[in-house]
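For reference, the structure discussed in these notes is given below.
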Amino acid sequence: MTYVPVHCPDCQGVDVVRYGKQRHGPQRYRCNHTDCPRHIFLLQYRNHGRLPAVKQQMVDMALNGSGIRDTARVLRVSPTTVINTLKKKRQAYSTSMKDFFSVLMLSKCRSSSTR
C-alpha cells in the first residue's frame with residue numbers, strides 16, 4: 001500500500017483530510033489550512049462546468065463574441081450552465097461596479113467641497 005499526498009487545488013497545502021463521499025461515489029476532501037478560500041473539493045470533478053478555469057473560459061469567450069451554444073459546444077458543457085455562469089458573473093460585476101462608482105462619486109464630492 002502506498003501513500004499519496006493530496007494537495008489543495010487553491011493553496012497547494014498538504015493539510016488535507018478526507019471529508020465523506022458524494023452521492024454518486026467520489027471521495028470529498030477538506031483543506032484544513034485557515035487561510036485557504038476553498039475548503040471542500042474533489043480530486044476528479046464529474047461536472048466540468050463547475051471548475052473555476054472553465055467558468056473563466058466561458059466569460060472570456062462571451063467577451064470575445066462567442067455565442068451561448070458555441071461556447072457550450074467548445075467547452076463540452078450544457079448551454080444552461082453557460083447562461084447561469086454568465087448571469088452570476090454579470091450580477092457580481094454590476095454589484096462591484098456600483099460600489100466602485102459610489103466610492104468614486106463620494107471622493108469627487110469630498111474633493112469639490114474642500115476647494
Side-chain angles (χ1 to χ4, degrees):
M1 180 153 100
T2 61
Y3 174 75
V4 178
V6 177
H7 295 277
C8 176
D10 281 345
C11 69
Q12 299 302 322
V14 291
D15 190 16
V16 174
V17 294
R18 295 185 342 173
Y19 195 66
K21 290 193 173 197
Q22 293 288 92
R23 201 171 356 146
H24 55 277
Q27 180 71 48
R28 289 189 302 175
Y29 295 92
R30 182 182 70 197
C31 180
N32 285 334
H33 193 264
T34 56
D35 295 333
C36 184
R38 183 178 186 168
H39 295 289
I40 298 172
F41 62 93
L42 301 173
L43 290 180
Q44 295 285 325
Y45 280 93
R46 243 176 132 181
N47 185 355
H48 296 288
R50 291 184 179 258
L51 293 172
V54 174
K55 287 184 178 185
Q56 186 60 43
Q57 282 182 320
M58 289 179 202
V59 173
D60 292 342
M61 289 180 75
L63 291 174
N64 288 328
S66 293
I68 301 296
R69 291 189 296 175
D70 186 36
T71 302
R73 186 173 42 252
V74 168
L75 298 178
R76 296 186 179 160
V77 296
S78 167
T80 306
T81 303
V82 176
I83 291 171
N84 290 338
T85 301
L86 293 177
K87 281 182 182 178
K88 288 178 185 175
K89 293 293 183 181
R90 187 180 89 192
Q91 288 172 352
Y93 177 75
S94 65
T95 303
S96 65
M97 288 307 290
K98 285 179 187 176
D99 293 341
F100 172 74
F101 284 125
S102 65
V103 169
L104 182 66
M105 294 305 288
L106 183 62
S107 66
K108 280 187 177 182
C109 290
R110 285 184 182 168
S111 66
S112 65
S113 65
T114 58
R115 289 184 189 180

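Just so we're clear, the structure is a prediction, and the values are computed from it rather than from any experiment.
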Just how far is it from atom [atom1] of [X] to atom [atom2] of [Y], taken to the nearest 0.5 Å?
| X | Y | atom1 | atom2 | answer |
| --- | --- | --- | --- | --- |
| Q22 | I40 | CD | CD1 | 9.0 Å |
| K55 | T81 | NZ | OG1 | 9.0 Å |
| I83 | K88 | CD1 | NZ | 13.0 Å |
| M58 | S66 | CE | OG | 12.5 Å |
| K89 | L63 | NZ | CG | 11.0 Å |

Looking at residues at least two apart in the chain, or sitting in another chain, which of them share a side-chain hydrogen bond (donor to acceptor under 3.5 Å, both in side chains) with Q56? D60

Can you tell if the side chain of L86 reaches within under 4.5 Å of the side chain of I68, non-hydrogen atoms only? yes

Flag the pair L75 / M61 as yes when at least one side-chain heavy-atom distance between them is below 4.5 Å, and no otherwise. yes

If only atom types and distance count, is the side chain of T71 paired as donor or acceptor with the main-chain N or O of G67 below 3.5 Å? yes

Test your reading of the model: is there a side-chain donor-acceptor pair from Q27 to the backbone of G20, 3.5 Å cut-off? yes

[X] versus [Y], closest heavy-atom pair with distance:
| X | Y | value |
| --- | --- | --- |
| V16 | V6 | CG2-O, 3.6 Å |
| Y19 | Y29 | CB-C, 4.0 Å |
| C36 | D10 | SG-CB, 4.1 Å |
| C11 | H33 | SG-CB, 4.2 Å |

Heavy atoms from other residues, nucleotides or ligands near CZ of R28 exceed 12 (cutoff 6.0 Å): yes

Just to verify, what does N32 make a side chain to side chain contact (heavy atoms under 4.5 Å, CB included) with, not counting sequence neighbours? D15, V17, R30

